[in-house]
Amino acid sequence: MTKQRFETALQQLTPRRREVLDLFLVGKNDQEIAQSLYITENTVRQHIRNILKNFNLKNDLDDDHSSQRSNLIALFAQYQPELLQKPVTEAENQSSESILLSNNSDNKQDACTTEVIDNKQDACTTEHDPNFVGREDAIARLNHLIYKNSGTGILPVTRICQIVATGGQGKTTLAKKYLENNFKTVLEFKIAGETKDIASVESLLEEKLRQLGEEPGREFMVSLDRLKQQLQNRHIGVLIDNLEPALDKNGQFFPEHRRYLELLRVLSDSSLQSLTLITSRERLCEGLDITLYSLPSLTVSAWGEFWQYQGINNHISLLTEIHKAYGGNALAMKVLSNLINNDYQGDIVAYWQDNKTEDNLIVETAVANLIKEQFERLKTINLDAYNLLCRLGCYRYQDVPTVPEAGLICLLWDVAQNQHKRIIRVLKERALVEFNNGDYWLHPVIREVAIDRLRNSDDWVKANTQAAEFWTDSVKTVETVKDALTAFEAYYHYLSINDYNKASNVIIKRKTKKWQVTDVKLGRTEKLGISFLRFGLLDRLIISINRIIDHVDKQYNQGYNLAILNNLLGNCYLAIGQIQKSIKYHEYSKEISIKSEFSGSKHIELTSYFNIGICYMEIIEIEQAIQYFGKVISIAKNIKISNKYRYIVRSELYLIFLKSFSESSEQELFSLINKIFQKSYIMQISQSYNWFFFGKIYVHLKDIKQSFIMYNNAMTFAKQADYPQIKGKTLTGLAELYRIQNDYKAALKHHQESIEILDKIGAKCDLAEAYFQQALTYQQMGEQANSQEYFNKAIYLWSPQQIDAPKQIERVKKAMNLSSDQT
């Protein structure tokens with residue numbers, strides 16, 4: 001290395017690395033350097049590693065004490081010998097390093113001593129993060145508690161560990177670091193910031209299963225079983241963050257959130273390869289096998305290390321006093337460092353003269369007072385930044401955990417556009433907002449203060465309205481579950497300000513979808529509630545509608561919103577097999593549309609009659625179904641509305657299907673179906689379920705070739721539209737055709753695929769039919785035991801305790817050759 005390159009490298013060192021270098025050059029070992037600078041030995045080694053890189057001396061060994069250290073000393077002996085305390089030979093330097101390494105090996109267990117899963121590096125061996133200081137002992141302690149010196153280093157001995165500490169101690173940061181550095185896949189169950197906002201475990205479980213590439217079941221326990229199978233076969237980390245809002249004063253789940261207990265029972269199963277970390281301010285007391293870890297506050301040396309990185313001058317006695325006053329709280333450390341840097345130019349003495357804290361404050365009070373102090377100071381020096389910080393409290397940071405910059409800008413409605421980025425920068429510089437790659441969020445402790453101040457200000461309604469409009473405008477096309485949940489955030493903002501009418505607008509607002517229906521204008525869009533149905537977010541939709549449906553103004557939009565909400569509830573309950581509830585809500589929707597005069601009321605009336613007909617068709621109540629489809633045709637023929645033939649032709653098709661259950665002749669059925677195909681409008685609406693029903697009718701007509709064509713059309717649509725339910729139903733139909741042709745291998749393959757899909761999405765009526773058809777296949781094959789098993793499964797789903805479809809049960813019994821009084 002030339003002298004010029006040497007001097008350039010020396011000038012490029014940060015002040016902190018120069019301090020480390022100076023102590024190293026005078027003969028201090030890592031431990032002595034750490035003690036002098038109030039940092040850890042790991043941090044010292046990281047600094048020296050970076051210093052070596054700066055001088056183009058790459059380590060030639062895997063450990064932190066490579067022979068390049070002697071080369072670094074040699075460089076300084078050549079160009080700046082005055083910095084060396086005494087000449088050191090290479091042999092002496094290597095010898096001292098060997099002794100140091102030996103001494104270090106005798107220290108208490110380090111986090112790196114445990115091998116981690118998936119051959120990933122442990123947190124202590126990753127690139128040093130100056131924002132994550134003083135937690136080497138915590139990581140080592142977690143390793144000890146989790147692996148308990150099992151010797152395998154692969155599977156944890158404990159499956160759940162709860163990290164408990166007061167607010168702002170860094171529980172979440174520690175848990176995320178630990179899991180991210182030990183697992184390639186991490187599932188995060190973010191509970192809520194407040195009890196009223198707690199996410200249902202059902203919706204979170206559905207989201208995480210999809211994240212793993214697994215479709216959830218309609219039944220909660222089915223979904224849990226699928227999660228268990230994933231965790232048995234894959235190395236996955238699980239984080240349940242901020243649990244305390246779901247706990248009562250006794251440390252037990254509130255009654256309405258008891259199902260979280262079932263999730264934890266699964267996560268604690270010893271057969272899993274996963275590890276779950278729970279963060280909470282309060283201990284969970286539910287009698288589960290959970291290892292408890294009380295996270296200590298950061299040490300004064302950790303504070304010193306962090307503040308040195310921030311450029312705050314070193315004053316040991318004041319640092320110790322401030323650290324004691326705030327109990328070593330991690331959030332306090334971060335906020336204070338930015339306060340001292342911004343307002344006192346890094347002068348800790350000047351800060352303390354103005355802000356001496358009372359003695360013996362408990363941590364919670366000290367942190368709360370510190371945050372409140374920051375809010376008040378911000379209000380004094382920059383009112384616009386203060387307003388933005390308070391307004392940011394309106395965001396939930398749950399289903400959508402971060403907010404893009406545009407979400408901050410929308411809250412600056414009273415600030416000139418050219419000042420927006422400056423205001424945001426003020427919050428970033430003061431560590432009052434977290435940020436990463438253009439996304440922002442508030443620390444829970446800061447949000448608690450922000451939302452409290454926002455609620456008591458004149459900005460509460462305006463901020464939530466602006467945020468709601470931002471989320472609505474930010475999603476143009478709904479292609480994924482994430483898109484749907486992001487658009488749905490607007491609902492929660494309107495709910496917060498008790499604007500139930502606008503909350504209903506969010507659910508029924510149409511969004512562009514990724515697939516289109518040819519020549520049907522509204523086929524290019526769908527209501528957000530329908531997207532939730534399509535993605536299987538049924539529990540979320542049912543809960544959300546039920547929270548507002550009794551508060552929506554009956555005259556709002558002339559009753560349109562209320563009619564649609566009832567319609568959506570009816571569709572939800574049909575999807576999960578609660579037929580009678582479905583009929584009830586479709587009846588409500590019909591009654592509202594008949595009494596109202598809003599645009600489209602006749603469309604909703606026809607839709608209600610049609611959907612009730614489908615409900616009765618599902619349980620083979622043929623007379624009732626025929627009655628309702630007949631009403632649809634009769635009403636549609638006598639009114640002038642667009643797309644009325646859509647209702648007529650679909651109802652005629654379903655009536656033909658119902659007739660195929662009766663004694664109608666094949667000639668009559670052929671005549672009826674040919675008439676439908678002669679109608680030009682059929683090609684515009686013959687997608688979705690209609691191809692499937694054409695296929696079913698041709699099965700009854702024993703036209704296998706034509707049935708195959710129709711089912712294949714249905715399958716093509718199912719793939720284009722990403723409708724697993726249609727795919728599952730169609731696979732059942734194809735399996736039946738293969739059985740008729742005595743191709744049992746193909747039939748069983750299609751049965752298996754169908755049942756798997758329908759079970760995953762929880763379509764009970766369709767699943768019962770799939771079980772029934774597989775039973776018939778086994779019966780035809782002469783495998784009576786298997787046949788009996790699947791007949792029983794179908795009977796169970798159609799039983800009064802489930803779908804309540806007695807006619808379907810009679811159908812099964814008839815196929816089993818049982819009399820009506822046998823079970």
- Task: Answer with yes or no whether the side chains of Thr480 and Asp483 bring together a donor and an acceptor at under 3.5 Å.
- Result: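 Yes, side-chain donor-acceptor contact under 3.5 Å.
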- Message: Please tell me whether Asp766 and Gln725 have a donor and an acceptor in their side chains that are separated by less than 3.5 angstrom.
- Response: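 Gln725 and Asp766 do have a side-chain donor-acceptor pair below 3.5 Å.
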- Query: Does a donor on one side chain sit under 3.5 Å from an acceptor on the other, for Thr607 and Tyr647?
  - Reply: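 There is such a pair between these side chains.
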- Those residues that, when tested against Arg259, pass side-chain contact (heavy atoms from CB on, under 4.5 Å) (two or more places apart):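 Applying side-chain contact (heavy atoms from CB on, under 4.5 Å) to Arg259 gives Val201, Glu202, Phe220.
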- Message: Taking the basic N atoms (NZ, or NE/NH1/NH2) and the acidic carboxylate oxygens, is any pair closer than 4.0 Å for Glu526 and Arg510?
- Response: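 No.
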- Message: If the condition is side-chain hydrogen bond (donor to acceptor under 3.5 Å, both in side chains), which residues does Asn712 pass it with, not counting sequence neighbours?
- Response: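 Asn712: no side-chain hydrogen bond (donor to acceptor under 3.5 Å, both in side chains) contacts found.
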- Task: Would you mind listing every salt bridge (Lys or Arg N to Asp or Glu O under 4.0 Å) that reaches into residues 492-505, with sequence neighbours excluded?
- Result: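 Pairs touching residues 492-505 that pass the test: none.
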- Kindly state each residue pair satisfying ring pair (Phe, Tyr, Trp, His ring centres under 6.0 Å) with at least one member in residues 533-553, sequence neighbours excluded.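 Only Tyr500-His551 qualify under ring pair (Phe, Tyr, Trp, His ring centres under 6.0 Å).
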- Query: Within a reach of under 6.0 Å around CD of Glu448, are more than 12 heavy atoms found that belong to other residues, nucleotides or ligands?
  - Reply: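 Counting other residues, nucleotides and ligands, CD of Glu448 stays at 12 neighbours or fewer.
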- Message: Side chains of Trp471 and Thr486, heavy atoms from C-beta outward: is any pair under 4.5 Å?
- Response: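 A side-chain contact exists here, since the closest heavy-atom pair is under 4.5 Å.
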- Task: State whether Glu587 and Lys584 are salt-bridged, where the test is any N-O pair (Lys NZ or Arg NE/NH1/NH2 against Asp/Glu carboxylate O) under 4.0 Å.
- Result: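 Here Glu587 does not pair with Lys584 in a salt bridge, since their nearest N and O are not under 4.0 Å apart.
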- Message: Are the side chains of Ile583 and Tyr628 in contact, using a 4.5 Å heavy-atom criterion?
- Response: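 The answer is no; the side chains never approach within 4.5 Å.
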- Salt-bridged, Glu769 to Lys729, with N to O below 4.0 Å?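 Looking at Lys729 together with Glu769, the answer is no, because their closest N to O distance does not fall below 4.0 Å.
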- Lys511 side chain to Thr472 main-chain N or O, any donor-acceptor pair under 3.5 Å?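 The answer is yes, because a donor-acceptor pair under 3.5 Å joins these two groups.
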- Item | Among Ile240, Leu243, Leu261, the one residue meeting side-chain contact (heavy atoms from CB on, under 4.5 Å) with Leu284 |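 When Ile240, Leu243, Leu261 are each tested with Leu284, the side-chain contact (heavy atoms from CB on, under 4.5 Å) holds only for Leu243.
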- Side chains of Asn501 and Asn505: is there a donor and an acceptor less than 3.5 Å apart?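 Result is no, nothing qualifies.
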- Message: If the condition is side-chain hydrogen bond (donor to acceptor under 3.5 Å, both in side chains), which residues does Asp759 pass it with, not counting sequence neighbours?
- Response: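 Asp759 satisfies side-chain hydrogen bond (donor to acceptor under 3.5 Å, both in side chains) with Arg226 only.
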- Item | Exercise: identify the closest heavy-atom pair between Asn242 and Pro245 |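 Shortest heavy-atom contact: O-CD, 3.1 Å.
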- Message: Show me the pairs that pass salt bridge (Lys or Arg N to Asp or Glu O under 4.0 Å) and involve residues 539-561, at least two apart or across chains.
- Response: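 Every pair satisfying salt bridge (Lys or Arg N to Asp or Glu O under 4.0 Å) with a residue in residues 539-561: Asp399-Arg540.
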